[in-house]
Peer 1: 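Handing you this structure, nothing more for now.
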2 protein chains.
Amino acid sequence: MKLKEFARQLGLSPTTVSRALSGYPEVSEKTRQRVAEEAVRLGYRPNINAVRLVTGRAGAIGVVMGRSGEFQFAEFMSGMAERLDGEDIDILVSPTADRGLTDEIPLYSRLVASGRVDAVIVHSPEPNDERIAFLRELGFPFLVHGRSETDVTHAWLDIDNEGALRRATAHLLDLGHRRIAMINGRAGRTFSLHRDKGYRDALEERGIAFDPRLVAHGHFTDELGFRFARSFLEQSPRPTAFVAGSMMTALGIYRAVRSRGLVVGKDISVIAHDDVFPYLTADNMVPSLSATRSSIRAAGARAADLVLQLLGGRAAEEIHELWPVELILRESTAPPPQAESRP
Amino acid sequence: MKLKEFARQLGLSPTTVSRALSGYPEVSEKTRQRVAEEAVRLGYRPNINAVRLVTGRAGAIGVVMGRSGEFQFAEFMSGMAERLDGEDIDILVSPTADRGLTDEIPLYSRLVASGRVDAVIVHSPEPNDERIAFLRELGFPFLVHGRSETDVTHAWLDIDNEGALRRATAHLLDLGHRRIAMINGRAGRTFSLHRDKGYRDALEERGIAFDPRLVAHGHFTDELGFRFARSFLEQSPRPTAFVAGSMMTALGIYRAVRSRGLVVGKDISVIAHDDVFPYLTADNMVPSLSATRSSIRAAGARAADLVLQLLGGRAAEEIHELWPVELILRESTAPPPQAESRP
DNA sequence: GCGATTAGCCAAATCGTTTTAAATTTGTTC
DNA sequence: GAACAAATTTAAAACGATTTGGCTAATCGC
C-alpha cells in the first residue's frame, strides 16, 4: 500500500502517479513536476519487485564468471557497473566451474529459465560457440564480448586482436627480429585465433617462415608466461623477441628472461597486450613494457550500453563493434643484439 | 497463470503445490514426491519476481565495488558466487566512484532503499566506520569484511593482519634485519592499522626503535610499491628488508630493488601479503616471494555463508570470525648482508 | 460409537505495481 | 451555449506467486 498511500497524499490516483513518474505523455507537465518533487520529499520509491513482476522484466544483466585466472573480469564488470549506474539495472554474477564451454550450457539454461536476468553477456567465445547457438535458439537477448564465426546472428563487441598482433609483430620484424615467440591465450578461443592470424600474417608479409615451435597457448598467468618463456629460451637459436597476450604473461616472461641472465629491451624484446589495470601498469615495469593497449573497463561500459540498446529493441544484427587497439612503444622493444635494424 | 496451470494439470490446488515445493509439513510425502517429479518433467519454475514480491525478499546480496585498484575483488566475489551457487541468491554489484567513505553513504542508502538486496557486504572498513553505523541504524542486515572498532554490534569476518605482520616482522628481525620498511595499505583502514600495529609490536618486542620514515601507506598498486621502495632505498642507511601489503606492491618493490642494482633475497629481503590469485603466484616469482598468506576466495565463500546465516536469523553479535594467516618462507628472505643472524 | 484431534487439502486474500478501458474535465468551434 | 475533440484523470484488472483461515475426512481416546 505504498503507491496507493503516496497517491492519496497527493490527491491523485495511483495511475496518474505511476504515469507521472514513468514519464508517460498522458499526464500534464504541471502534475508530473509536482509528483516528481513530492516523491523526493516524501521518499517514495516504487517497489522494485512489484515493478518487475508486472512488467515481466528482471532488471538485471547476467555475467558468467569463470573460476580461474580472470583478473580482467573485475575491470570489465566495473566498467559495466559504471555505465549501469542510474539505470535500474543490476549486474548478476553466476559462477562456473570453468571446464569446457559445453558444460556452461546448463548454466546459461538455468540463468535464462530462472527469469533473473533480461540479457546475458558471453565472454571469450570460440569460433563455433555452442553458447551463442543455444541462446539464439532460445531467443534470449545476449551480447558477445569477443567474436565467433557462427552464422547465427548475434550482437558483439570486440577489439581488433588480429590487427594488434599484426602491428606488434611487424614492428618487431622491422626492428630486425627474425625469431619471434608468441605466448597466446587459451587455445580454441577466437581471440587467440585472431592473434595467431595477425602474428602469422605479419610474418608472411615479410616472407619469414612460421615456426610452430615458437607459439604456445594457455591461461593468462604469470606461471605459464614464465614456463613457456623458459622453454622457448632453451631453443637454439633462441627467439630474440616475445609477443604475449597479457600483462601477467609479460611478468612471467620478464622473469624468465632475467633468470637466464638476459636483459629485456636489450637481448630480448617484449610486447604484451595491456587491458589497462589501475594496479599494474606497463609503463611502470622495468624496463617499461611496449604494449598493445585497449581498456577493458571501457569495453565493459560499452557492453552494458549495447545490452541496453538491445533490450531497447535495437536489432542484434546491427550491433557489431570492433575497436582498434593502440600500439605503445616503450623500452622493452629494441633491435636484436648484433643486428642492424632494417628500414 | 503458471502455477495455476501446473496445479490444474496435477489435479491439485495452487496452495498445495506451492507448499509441496517449499517443503512445508502440511503436505503428504506422497504428494510432495509427485509434485517434485512433475515439476521437473513439465519444467515448472516459480516466477522469481512474483516470489520476491510476495515474500518481500530481494534474493540478492549487495557488494559495493570501488573503481580503482581492487584486483582482490574478483576473487572475493568469485568465492561468494561459488558458495551461493544453488541457493536462490544473487550477487548484486554496485559501483562507487571511490572517494571517501562518507561519499559511499548515499550509495548504501540507495541500495537499501531500492529493496534490491537483502543484505550488503561492507569492505575495508575504518575503525569508526560511518557505513556500519548507518546500516545498523537502518536495521539492515550486513556483514563487514574486515574489522572496525565501533561499539555498534555487527557481524564480521576478518583475517589476523596484526598477527601476520607481527610474525613477518619478527622473522626478519630474527634473521638480523634492523631497518625494515613497510609499505602498507590505504591509511585509515583498519586492516592497515592492524598491520601497523603488528609491525610496531614486533619491533618493540625486540627493542628496536620505530622509525616513521620507514612506513608508507597507499593503494595496492605496482606503481606505489615501486615509488615507495625507490624512495626508501635512497635513505642512508637504507632498509635491508621490506614488508608489503600485496602482491602488486611486491612487484613494485622487486623492480625498485633491481633498478638500484640490488638483489632481492640477498641484499634486500621481502615479505608480502598474498591473497592467493590463480594468475600471480608468490612461489613463481624470481626469487620466490616469502609471504603471509590467506585465500581471499575462501573468505568470499565464507562471507556469503555468514550472510546466509544472518538472513536465517542468526544474531549479528554472534558472527565474528578471525582467520589466522600463514607465513610461508621462500627465497626472498635471507639474513641481511654482512650481518650474522641472531638466535 | 461419539466427540475431539489431526492430517491433508483448498478458496481467497495479499504483495505493490503497471496498464487497459472508461470517465471526467477542459478547450475549441460555430 | 451546445457539440465535439482533446487532454487529463481514474477504477479496476492484471502480473504469479505465498499464506491465512477454513473445510473435509481420517484417526484416536474412552
Side-chain angles (χ1 to χ4, degrees), chain A residues 1-36 38-39 42-60 87-90 112-118 311-312, chain B residues 1-36 38-40 42-60 88-90 112-118 311-312:
Chain A
M1 221 179 309
K2 211 61 179 314
L3 166 60
K4 224 169 171 175
E5 170 64 16
F6 176 56
R8 212 171 46 71
Q9 297 209 14
L10 287 180
L12 287 171
S13 77
T15 309
T16 305
V17 172
S18 170
R19 284 189 162 141
L21 290 175
S22 314
Y24 277 66
E26 296 98 326
V27 55
S28 74
E29 189 50 45
K30 207 176 67 190
T31 307
R32 179 200 322 294
Q33 199 73 21
R34 189 162 72 92
V35 171
E38 291 295 288
L42 298 175
Y44 167 74
R45 300 177 58 92
N47 177 307
I48 189 121
N49 291 320
V51 173
R52 287 174 174 176
L53 171 58
V54 72
T55 60
R57 267 175 257 124
E87 312 281 340
D88 251 18
I89 308 267
D90 305 324
V112 169
S114 74
R116 252 183 264 268
V117 294
D118 296 316
L311 292 176
Chain B
M1 220 178 309
K2 212 61 178 317
L3 166 60
K4 225 170 170 174
E5 170 63 16
F6 175 57
R8 212 171 45 73
Q9 297 211 15
L10 288 180
L12 286 171
S13 75
T15 310
T16 305
V17 173
S18 170
R19 286 193 162 137
L21 291 174
S22 313
Y24 277 66
E26 296 97 328
V27 55
S28 76
E29 189 49 44
K30 206 177 66 192
T31 308
R32 179 198 323 295
Q33 199 74 21
R34 189 163 71 93
V35 171
E38 290 295 289
V40 172
L42 298 174
Y44 166 74
R45 300 176 57 93
N47 176 307
I48 188 122
N49 291 320
V51 173
R52 286 173 174 177
L53 171 58
V54 71
T55 60
R57 264 175 260 124
D88 249 20
I89 307 269
D90 305 324
V112 170
S114 74
R116 249 183 267 267
V117 294
D118 295 315
L311 293 175

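Atom set for the values below is all heavy atoms of this structure, side chains included, hydrogens, waters and symmetry mates excluded.
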Peer 1: With rounding to the nearest 0.5 Å, note down the distance linking CG in B/L10 to OG1 in B/T16.
Peer 2: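 Answer for the CG-OG1 pair, B/L10 versus B/T16, is 10.0 Å.
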
Peer 1: Whole-Å distance between C/dC9 C1' and B/R8 CZ?
Peer 2: 18 Å

Peer 1: Roughly how many Å is it from CZ in B/R34 to C1' in C/dC9, rounded to a whole number?
Peer 2: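 Rounding to the nearest Å, CZ of B/R34 and C1' of C/dC9 are 12 Å apart.
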
Peer 1: Take atom CG of A/L53 and atom C1' of C/dT14, then tell me their distance rounded to the nearest Å.
Peer 2: 12 Å

Peer 1: List the atom of A/V51, the atom of A/P46, and the distance in Å for their closest heavy-atom pair.
Peer 2: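 The pair with the smallest heavy-atom distance is CG2-CB, 3.9 Å.
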
Peer 1: Could you go step by step and tell me if B/D90 and A/R116 meet the side chain to side chain contact (heavy atoms under 4.5 Å, CB included) rule?
Peer 2: CA-CA 9 Å; B/D90 305 324; A/R116 252 183 264 268; 2.9 Å; yes

Peer 1: Would you name the heavy atoms of B/D118 and B/L311 that are closest together and state the gap between them?
Peer 2: O-CD2, 3.6 Å

Peer 1: Below 4.5 Å, heavy atoms only, C-beta onward: do A/E38 and A/F6 meet side chain to side chain?
Peer 2: yes

Peer 1: Compare every heavy atom of B/A60 with every heavy atom of B/I89, then report the nearest pair and how far apart it is.
Peer 2: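 Heavy atoms only, the tightest pair is CG2-CA, 4.0 Å.
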
Peer 1: In this structure, are over 12 heavy atoms from other groups packed under 6.0 Å from B/R57 atom CZ?
Peer 2: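 12 or below, so no.
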
Peer 1: Rounded to the Å, how far apart are A/E29 CD and D/dA7 C1'?
Peer 2: 14 Å

Peer 1: Taking side chain as C-beta onward, heavy atoms only, is A/I48 less than 4.5 Å from B/S114?
Peer 2: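 No, every pair of side-chain atoms sits at 4.5 Å or beyond.
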
Peer 1: If you restrict it to nitrogen or oxygen atoms, what contacts under 3.5 Å exist between nucleotides 19-22 of chain C and the protein, and what is each distance?
Peer 2:
from   : atom 1 : to    : atom 2 : distance (Å)
C/dT19 : OP2    : A/Y24 : OH     : 2.7
C/dT19 : O4     : A/T15 : OG1    : 3.1

Peer 1: Applying a 4.0 Å non-hydrogen cut-off, can you work out what B/L12 is touching in the nucleic acid: base, sugar-phosphate, or nothing?
Peer 2: sugar-phosphate

Peer 1: Quick check: closest heavy atoms across B/S13 and B/A7, and the distance to 0.1 Å?
Peer 2: C-CB, 3.8 Å

Peer 1: Starting at atom CG of B/L10, determine the distance to atom P of C/dC9, rounded to an integer number of angstrom.
Peer 2: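 Atom CG in B/L10 sits about 12 Å away from atom P in C/dC9.
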
Peer 1: For the side chain of B/S13, starting at C-beta, report the closest nucleotide among D/dT9, D/dA17, C/dC10.
Peer 2: C/dC10

Peer 1: Separation of A/N47 atom CG from C/dC15 atom P, in whole Å?
Peer 2: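 Rounded to the whole Å, the gap is 11 Å.
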
Peer 1: Between P on D/dG16 and CD on B/E5, what's the gap in Å once rounded to a whole number?
Peer 2: 12 Å

Peer 1: Could you tell me, to 10°, how much the axis swings from one end of the helix from C/dG1-D/dC30 to C/dC30-D/dG1 to the other, five pairs per end?
Peer 2: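 Rounded value for the end-axis angle: 30°.
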
Peer 1: Between C/dT14 atom C1' and A/N49 atom CG, what is the distance in whole Å?
Peer 2: 15 Å

Peer 1: Within the 4.0 Å heavy-atom criterion, would you say A/R45 contacts the bases, only the backbone, or no part of the nucleic acid?
Peer 2: sugar-phosphate

